[in-house]
**Q** 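Below is the structure I would like to discuss, written out as structure tokens.
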Amino acid sequence: MRYSQAFIHTLFEAPKEAETPSHIFLLRGSFVYPIAAGLYSLMPLGHRAVEKIKRIIREELDAIGGLEVTMPVVNPAELWKKTGRYFHIGDELIRFKDRRDRQFVLAMTHEEVVTDIAKQFVRSYRDLPVMLYQIQTKIRDEARPRAGLLRVREFQMKDAYSFHPDFNDLDVYYPKIYNAYLRIFARCGLKSTPIEADSGIMGGSGSHEFMLESVNGEDHFVLCPGCGYAANTEKAVGMKPERTPSTQSPAREKVHTPGVKTIADLAGFFDAPQESFLKTVAYVADENLVFAVVRGDFNVSATKLGAYLKAVHLDYAPEKILSGKGLNGGFLSPVGIKGVRIVCDSAITESALYIAGANEPDMHLKNVLPGRDFELKESADIVEVREGDRCAVCGKADLELRRGIELGHTFKLGVKYTAPESMDVTYLDGAGEPNRVVMGCYGIGVERLLASIIEKWHDESGMRLPASIAPYQIILSQLGNQPEVVAMAERIYSKFGPVWELLFDDRSESPGVKLKDADLLGIPVRLVVSRKLEKSGDVEIKIRQTGEVRICPEKDIEATLEAIFRELEPSMENLPYMDEKA
RNA sequence: CGGGGCGUAGCGCAGCCUGGUAGCGCACCUGCCUUGGGAGCAGGGGGCCGGAGGUUCAAAUCCUCUCGCCCCGACCA
């Protein structure tokens, strides 16, 4: 392809809305073009790169028996009402009516549609297991799109769904997907870290997120340097250092604390460590008032609390509700409260004294003893893990907090969508008995993966794309327009253009422009033809990833390129594979 | 949805405070010239100053309201 015909329009300066490297270089390289917040066109270069990613995904999923399908993006609302998601999901799900006033949604995933397919066609155990996948547009009306392609409202997603005769079969299949994910990301040039994720109703180790460590990521996870335990902070559990038990049990005592509300201020006021306070946070869980009580040195994890309560909606209690009960934020307490469900964190025990709110303005209580002064009825892990907490798995090392981009998610769904109250999908086993189909689902955001690759692979000049992803493998830069130089460049182009993905920069631009553009676009190998090189019959070959430069006679180009691309192949060894059962 | 910032040519910006016929750099078009790190000279095209109201003889500039975009937070099946 000739550069002059390739519809490439690079920008010298990045549009000011771009702040993260991937966003800046995707715009500057004319890989993408924005049309509204979180909505992008993929321009020819971006399109080619995305197609490369999709090909890798297809190869790896086909290798484990996946079957690609295409499903409608417009779904009847009826289907989504069956599974209940029509009601549970908020404004992120776009709902609309057609000309005949029928309700529809724009699919943000395809569990409903694919499960409907399974319901229709899976009748016998002979049809199982089966894995269907799609690489298609998904629509999510995100509250806040950000960072270019990292979080958008319309995007291509690879979604895979596996159907199994029982949980055991799902457990057998799961490592295949898990390992395919590791290979997919490795082939894209990324080291992914699988972490345990919040798996909601399933519990256990039924869900993994594949993270790319990145300062521009929006997800947090913890990593144990001792045992390798890695988990989303929404799920991660750390050990909670015990307080020294109190030997006495003095009566509780009311203290005037005018305007002192935060734990930090209280710690100063009482001259006591933060862990000696009870922090009471009021939530409304599905319309019921709940007090979450945690030790002062911890923060409530809304995710964990919500999971414990099995709440569909969980939010901070509005001031109105509290004042309606004569309560006052900042002085809340589990002591002496009636008609409110109280959930305490597991770190709170009956063996130590605390300072707590008094449920009246400007007052706190000293010498509060859990169990004596309030009932310690419900206790669960409801706090956010902290950097430096001792790992609860190995108990030997302290957890480190990391930031990352979620590249993919694997999830043992179980019977959430096949249950009688949902889509109700069964098959007949060998004995002719009906059995419930068990599901897994597995997603990868395709454009996000491209952005992640650039987050990982760039320098100040531009992208440094892995050969597996780059829209073109080679850029041939002709510097100078002397007849001999042109002839040599054309000769090389006509020879290699048909066999390699080669972009021939035939523009009559100055050398500086051509070289800068080559760097910006991140093409893995740059071939330069110039007057000086032409005289000795050589070309220059530069590898973008490493910066290595080789001078090579024209006749040796082919062999040299082949050797270089072999070297650029990513290694599939030493990935943290999950054991595959027989 | 809360907090903050920004809308002037394709991109980056000045002009606004102190109203008076819209400018700079890059990009783009023509010609000459040049070719190893974003050249040079000459000529040229392109803007309803986000939109709507208002104040004024006169509004990019002042006032009101809106819409859009970005960042932080909340949210994220």
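FYI, side chains are in, hydrogens and waters are out, and symmetry mates aren't considered; it's all heavy atoms of this structure. A note on names: the letters A, B, ... follow the listed sequences, proteins ahead of strands, and every chain is numbered from 1.
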**Q** Which nucleotide sits closest to the side chain of Ala143(A): A74(B), C71(B), G36(B)?
**A**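 Among the listed nucleotides, the one closest to the side chain of Ala143(A) is A74(B).
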**Q** Nearest whole angstrom, please: distance from the C1' of A27(B) to the CG of Leu27(A).
**A**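 Nearest whole value for this atom pair: 16 Å.
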**Q** Suppose you measure atom C1' in A59(B) against the same atom in G15(B); what distance do you get, rounded to whole Å?
**A**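 To the nearest whole Å, 14 Å.
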**Q** Test for a donor-acceptor pair under 3.5 Å between the base of G38(B) and the side chain of Glu509(A), counting only N and O atoms.
**A**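 In this structure, the two groups form no donor-acceptor pair.
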**Q** Contact class for Glu540(A) vs. all strands (heavy atom < 4.0 Å): base, sugar-phosphate, or nothing?
**A**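 It contacts base atoms.
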**Q** Which nucleotide, in any strand shown, forms a Watson-Crick or G-U wobble pair with C62(B), with both distances under 3.5 Å?
**A**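 G54(B) is the nucleotide pairing with C62(B).
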**Q** Rounding to a whole Å, what distance do you find between Arg507(A):CZ and A39(B):P?
**A**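 Going from CZ in Arg507(A) over to P in A39(B) covers 12 Å.
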**Q** For Arg526(A), answer base if it contacts any base atom (sugar-phosphate contacts may also be present), sugar-phosphate if it contacts only those atoms, and nothing otherwise; contact means non-hydrogen atoms under 4.0 Å.
**A**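 Arg526(A): base contact, heavy atoms under 4.0 Å.
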**Q** Evaluate the side-chain proximity of Lys514(A) to Gln478(A): yes if any heavy-atom separation is below 4.5 Å, no if none is.
**A**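 Yes, close enough: below the 4.5 Å cut-off.
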**Q** Just checking, is any N or O donor in the side chain of His409(A) or Ser207(A) under 3.5 Å from an acceptor N or O on the other one?
**A**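 A donor-acceptor contact under 3.5 Å links the two side chains.
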**Q** A77(B) P sits how many Å from Lys138(A) NZ, rounded?
**A**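 Spelled out: NZ on Lys138(A) to P on A77(B) is 15 Å.
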**Q** Consider only side-chain N and O atoms of Tyr161(A) and Thr115(A), and report whether a donor and an acceptor are under 3.5 Å apart.
**A**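 Absent: no donor and acceptor within the cut-off.
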**Q** At less than 3.5 Å, do the side-chain atoms of Ser530(A) and the base atoms of G36(B) form a donor-acceptor pair?
**A**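 Under the 3.5 Å cut-off, the side chain and the base do form a donor-acceptor pair.
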**Q** Could you give the distance separating U21(B) and A58(B) at their C1' atoms, to the nearest angstrom?
**A**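 It works out to 11 Å between them.
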**Q** Considering only the P atoms, how many Å lie between A27(B) and C11(B), rounded to the nearest integer?
**A**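 After rounding to an integer number of Å, I get 15 Å for this pair.
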**Q** My understanding is that a pair needs two contacts under 3.5 Å, Watson-Crick or G-U wobble. By that rule, which nucleotide pairs with G73(B)?
**A**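 For G73(B), the partner nucleotide comes out as C1(B), under the 3.5 Å rule.
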**Q** Round to the nearest Å and state the distance from Leu479(A) atom CG to A39(B) atom C1'.
**A**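 Leu479(A) atom CG is separated from A39(B) atom C1' by 14 Å.
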**Q** Have a look at Lys16(A) and say if it touches a base, only the backbone sugar-phosphate, or nothing, with a 4.0 Å heavy-atom cut-off.
**A**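 Sugar-phosphate contact only.
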**Q** Would one find a side-chain N or O of Arg144(A) under 4.0 angstrom from OP1 or OP2 of C72(B)?
**A**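 So the side-chain polar atoms of Arg144(A) do come within 4.0 Å of the phosphate oxygens OP1 or OP2 of C72(B), strictly under.
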**Q** Determine which nucleotide pairs with C41(B), using a 3.5 Å limit on both distances of a Watson-Crick or G-U wobble pair.
**A**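 Partner of C41(B): G31(B).
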**Q** With a 4.0 Å cut-off on heavy atoms, is Val485(A) in touch with a base, just the backbone sugar-phosphate, or nothing at all?
**A**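 Since no nucleic acid heavy atom lies under 4.0 Å of Val485(A), the category is nothing.
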**Q** Just the rounded figure in Å: distance from P of C33(B) to CG of Asn481(A).
**A**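 Distance, rounded to whole Å: 11 Å.
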**Q** For RNA chain B, whose closest nucleotide is more 5', that of Arg140(A) or that of Ile35(A)?
**A**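 On the 5' side of the pair lies Ile35(A).
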**Q** Between the side chains of Glu209(A) and Asn232(A), is a donor N or O closer than 3.5 angstrom to an acceptor N or O?
**A**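 Yes - a donor-acceptor pair under 3.5 Å links their side chains.
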**Q** Whole angstrom is fine here: how far is it from NE2 in His9(A) over to P in C29(B)?
**A**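 The answer, rounded to whole Å, is 10 Å.
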**Q** Classify the nucleic acid contact of Ala37(A) as base, sugar-phosphate or nothing, counting any heavy atom under 4.0 Å across all strands shown.
**A**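 Sugar-phosphate, backbone atoms only, no base.
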**Q** So, Tyr174(A) and His164(A): side-chain donor and acceptor under 3.5 Å apart, yes or no?
**A**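 Side chains of Tyr174(A) and His164(A): no pair found under 3.5 Å.
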**Q** Classify the side chain of Arg146(A) and the base of G73(B) as holding, or not holding, a donor-acceptor pair under 3.5 Å.
**A**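 Check fails, no donor-acceptor contact within cut-off.
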**Q** Say we look at U56(B) and U18(B): how far apart would their C1' atoms be, to the nearest angstrom?
**A**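 Nearest-Å result for U56(B) against U18(B) at atom C1': 16 Å.
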**Q** A77(B) P sits how many Å from Met157(A) CE, rounded?
**A**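 In whole Å, A77(B) P and Met157(A) CE are 11 Å from each other.
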**Q** With rounding to whole Å, what would you report as the distance between C72(B) and G10(B) at their C1' atoms?
**A**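 Taking atom C1' in both C72(B) and G10(B), they lie 30 Å apart.
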**Q** Could you go step by step and tell me if Phe155(A) and Tyr40(A) meet the ring-ring contact (aromatic ring centres under 6.0 Å, His included) rule?
**A** CA-CA 9 Å; Phe155(A) 57 101; Tyr40(A) 288 85; over 10 Å; no
**Q** So what does Ala36(A) touch, heavy atoms closer than 4.0 Å: a base, only the sugar-phosphate, or nothing?
**A**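 Here Ala36(A) touches the backbone only, sparing every base.
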**Q** Which value, in whole Å, describes the distance between the P atoms of nucleotides G36(B) and G45(B)?
**A**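 After rounding to an integer number of Å, I get 33 Å for this pair.
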**Q** Reckon Ala518(A) touches a base, only the sugar-phosphate, or nothing at all at heavy-atom distances under 4.0 Å?
**A**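 Answer is nothing: Ala518(A) stays at 4.0 Å or more from every strand.
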**Q** Taking atom types as modelled and ignoring hydrogens, do the side chains of Thr109(A) and Asp159(A) form a donor-acceptor contact shorter than 3.5 angstrom?
**A**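 No, no side-chain donor-acceptor contact under 3.5 Å.
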**Q** Find the partner of C26(B): check Watson-Crick (N1-N3 plus N6-O4 or O6-N4) and G-U wobble (N1-O2, O6-N3) distances, both under 3.5 Å, and reply none if neither fits.
**A**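 The base-pairing partner of C26(B), which may sit in any strand shown, is G10(B).
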**Q** Give me the distance, rounded to whole Å, that separates C67(B) from G53(B) when you measure between the P atoms they each carry.
**A**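 One P to the other, the span is 16 Å.
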**Q** Is there a donor and acceptor pair, one atom on the side chain of Arg28(A) and one on the base of G38(B), closer than 3.5 Å?
**A**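 Pair found.
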**Q** NA contact type, Glu13(A), heavy-atom cut-off 4.0 Å: base, sugar-phosphate, or nothing?
**A**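 Base: the residue Glu13(A), judged by heavy atoms under 4.0 Å, touches a nucleobase.
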**Q** Give the nucleotide from the list G38(B), G37(B), U35(B) with an atom nearest to the side chain of Pro511(A).
**A**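 My answer, after comparing the listed nucleotides, is U35(B).
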**Q** Give me the distance, rounded to whole Å, that separates C41(B) from G46(B) when you measure between the P atoms they each carry.
**A**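 Approximately 23 Å lies between the P atom of C41(B) and that of G46(B).
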**Q** Could you tell me the separation between the CD1 atom of Ile551(A) and the P atom of G36(B), rounded to a whole number of Å?
**A**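 Distance check: Ile551(A) CD1 to G36(B) P gives 14 Å.
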**Q** Could you say whether Ile89(A) or Ser510(A) is positioned toward the 5' end of RNA chain B, judged by the nucleotide with the nearest heavy atom to each?
**A**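 Here Ser510(A) is the residue nearer the 5' end.
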**Q** For a 4.5 angstrom cut-off between non-hydrogen side-chain atoms, does His23(A) reach Asn216(A)?
**A**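 Sidechains of Asn216(A) and His23(A): no contact.
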